[in-house]
Amino acid sequence: MGCSKNLVDSESLMRQFEANGYVCTHDSENPEGEIVVINTCGFINDAKEESINEILKFAQAKEEGKIKKLFVMGCLSQRYKEDLEKEIPQVDKYYGKFNYKNLLSDLGKAVVPSCDGQRSLTTPSHYAYIKISEGCDRHCAYCAIPLITGKHISRPMDEILSEVRDLVAQGVKEFQVIAQELTFYGKDIDGKSHIAELISRMADIEGVAWIRLHYAYPSDFPWELLDVMREKDNVCKYLDIALQHISDNMLSRMHRHVTKEMTYNLIHTIREKVPGIHIRTTLMVGFPGETDDDFKQLMDFTRWARFERMGAFAYSEEEGTYSADNYEDDVPSDVKQERLDQLMSLQQEISGEIEAAKVGTTQRVIIDRKEGEYYIGRTQYCSPEVDPEVLIMSGDRNLSIGNFYSVKITDSDEFDIYGEILD
């Protein structure tokens, strides 16, 4: 359940299971195994409900004798372990975010040292996620992540690069670099961001075709990273950077450590230093104290910025956070929804225009899969699962999954673009 960082943990545990002789199936629609492990998300209320419903479903299956053992790990059980043990006792054992490999010893097995650091990929074999750190030191007012994962801890750079080389040897070409806050990478070690150095060294590894960056932070942005993105052809012109809001009132109350002026300058500089870059961001409406004028500023900013990719959500109060303890959740739910609908309607219009402008251009596309009459691929501007895809009519052509092709873009709609292979 939850984010790609959880997926990496699941893949690590799967590799250890397999090294101990188990056969693993990921996200099976019809689970047939005797043991079920659920990796939970505890970020916002909707995610928590989804995780709890999944636990309850398999708790029922256990009571009916359809499975023998049920284990739960991840962010939800890291934060609410004692409550879960009381409320859903059918689970054999709950593990947190960091002790989940103890599950092996509880089954009478042991961690295989030679496989530590390895993963059984659940993604298509040509791309993988690379987690470069755990935790977060930012402490935004609304966010429960630091309460769950703790302080930022950077992985050693050589360890990350070694993992990339191992995955390249397995046939991986595309790397999604992930962290709760990747631009903070290295600051916990010597006070300096080393994300630019890491990405530059990663880009120099033979066989790395694409590197895509997820979850940057606007405060204290490391400008040298933009130089790497511009100069290294295999670093995708794509940056995922959550901005949340634009009004000084909201940014201050959210504890974002940036101002409206700084944010405008940041977007301008990113686009100036990396021409053609596609920016993905996340925005929030309905945070405590958000006025009509705050929201108007957010709409105006969205019109100006013309984000290529943007998601938005309504504020959800999370217990234990600064905002839950100190602010009244005073924006009515219907107002939150109305603002969310307006913002997403504007973004849908912008996104449609941006994708339509690609018609007639030639793009380098990696093929992810085949569905019906179409091969489905992505450009460097599209991250898996969350961004538009390129649909290519198969016709008489046999394309290889995981290979790159030159594709002429012929059409677009609100969600996808269409193309044809150039001979």
Side-chain angles (χ1 to χ4, degrees), residues 1-43 47-48 50-55 57-59 61-62 67 69-81 84 91-107 109-112 115-135 145 148-150 153 155 159-160 163-164 166-167 170 172 174-180 214-215 383-386:
M1 319 291 291
C3 67
S4 50
K5 295 183 287 294
N6 271 7
L7 183 69
V8 171
D9 294 339
S10 295
E11 291 174 341
S12 177
L13 182 58
M14 285 175 65
R15 180 68 187 95
Q16 288 292 338
F17 267 119
E18 291 167 353
N20 276 282
Y22 291 96
V23 175
C24 295
T25 303
H26 179 248
D27 279 356
S28 173
E29 291 293 326
N30 299 295
E32 299 176 355
E34 296 181 352
I35 301 169
V36 170
V37 182
I38 303 174
N39 192 354
T40 58
C41 179
F43 180 40
K48 288 188 280 192
E50 186 179 8
S51 291
I52 289 170
N53 288 336
E54 195 76 2
I55 298 170
K57 181 177 78 173
F58 281 102
K62 186 185 176 191
I67 63 173
K69 289 188 178 294
L70 174 60
F71 299 100
V72 173
M73 59 183 277
C75 292
L76 187 74
S77 51
Q78 174 75 24
R79 192 174 184 198
Y80 299 106
K81 181 174 179 289
L84 289 167
V91 173
D92 289 277
K93 192 165 183 178
Y94 290 91
Y95 302 85
K97 179 77 177 151
F98 305 105
N99 68 335
Y100 59 86
K101 289 185 181 178
N102 292 346
L103 170 53
L104 293 162
S105 59
D106 290 337
L107 288 170
K109 305 295 182 180
V111 170
V112 178
C115 296
D116 212 20
Q118 298 178 8
R119 292 186 276 143
S120 294
L121 296 182
T122 59
T123 54
S125 60
H126 54 277
Y127 73 79
Y129 294 94
I130 295 291
K131 183 162 59 171
I132 64 171
S133 64
E134 289 280 9
I145 293 296
I148 299 170
T149 61
I153 301 175
R155 288 180 62 195
E159 179 182 295
I160 297 169
E163 181 182 12
V164 171
D166 289 344
L167 289 169
Q170 297 174 39
V172 175
E174 177 184 356
F175 294 86
Q176 322 294 339
V177 180
I178 57 172
Q180 191 59 40
H214 290 273
Y215 321 128
S383 194
E385 299 184 0
V386 296

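Distance check, rounded to the nearest 0.5 Å: CD of Gln118 to CG of Asp166 gives 7.0 Å. Interatomic distance, CG of Asn6 versus CD1 of Ile178, reported as 9.5 Å (0.5 Å rounding). With rounding to the nearest 0.5 angstrom, the CG atom of Leu76 is 5.5 Å from the CD1 atom of Ile55. Between the OH atom of Tyr80 and the CG atom of Leu84 there is a distance of 9.5 Å, given to the nearest 0.5 Å. Ile38 CD1 to Ser77 OG: the interatomic distance, rounded to the nearest 0.5 Å, is 10.0 Å. To the nearest 0.5 angstrom, Phe175 atom CZ is 14.0 Å from Ile132 atom CD1.
Contact of the His26 side chain with the Leu7 side chain is registered, since non-hydrogen atoms from C-beta on lie closer than 4.5 Å. With a 4.5 Å cut-off on side-chain heavy atoms, Glu11 and Thr123 count as touching. Side-chain contact between Leu121 and Leu167: present, with at least one pair of heavy atoms (C-beta onward) separated by less than 4.5 Å. With contacts defined as side-chain heavy-atom distances shorter than 4.5 Å, the pair Leu103/Lys93 does not qualify. For the pair Asp116 and Lys101, the minimum side-chain heavy-atom distance is below 4.5 Å.
When all heavy atoms are compared, the tightest approach of Asp106 to Tyr95 is OD2-OH, 2.5 Å. Of all the heavy atoms in Arg119 and Ala128, the pair that sits closest is NH2-CB, 4.5 Å. Gln16 and Val112 make their closest contact through OE1-N, 2.7 Å (heavy atoms, listed as atom of the first residue, atom of the second, distance). Summarising the geometry of Gly33 relative to Ile67, their closest heavy-atom pair is O-CG2, 3.8 Å, with the distance given to 0.1 Å. Shown here for Asn39 and Ser10, the closest heavy-atom pair between the two residues is ND2-OG, 3.0 Å. Nearest approach of Leu70 to Ala59, heavy atoms of both residues: CD2-N, 3.6 Å.
Formation of a donor-acceptor pair under 3.5 Å by the Thr40 side chain with backbone atoms of Met73 is found in this model. Judged purely by atom type and a 3.5 angstrom limit, Asn20 has no side-chain atom pairing as donor or acceptor with the backbone of Val111. No donor-acceptor pair under 3.5 Å is formed between the side chain of Glu174 and the backbone N or O of His126.
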message: Could you go through Cys41 and Glu50, starting from their C-alpha distance and side-chain angles, then the distance that decides it, and tell me whether this counts as side-chain contact (heavy atoms from CB on, under 4.5 Å)?
response: CA-CA 8 Å; Cys41 179; Glu50 186 179 8; over 6 Å; no
message: Determine whether Ile35 and Asp92 satisfy the following criterion, side-chain contact (heavy atoms from CB on, under 4.5 Å), listing intermediate values before the conclusion.
response: CA-CA 10 Å; Ile35 301 169; Asp92 289 277; over 6 Å; no
task: Show your reasoning for whether side-chain contact (heavy atoms from CB on, under 4.5 Å) applies to Ser4 and Tyr215.
output: CA-CA 11 Å; Ser4 50; Tyr215 321 128; 3.8 Å; yes
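Here the rule is side-chain contact (heavy atoms from CB on, under 4.5 Å) with Gln180, and of Lys131, Lys5, Glu134, His214 only Lys5 fits it.
The number of heavy atoms from other shown groups lying within 6.0 Å of CD (Glu18) is above 12.
Between Phe17 and Tyr22, the angle of the ring planes goes over 60°, which puts this pair in the perpendicular group of the 30/60° scheme.
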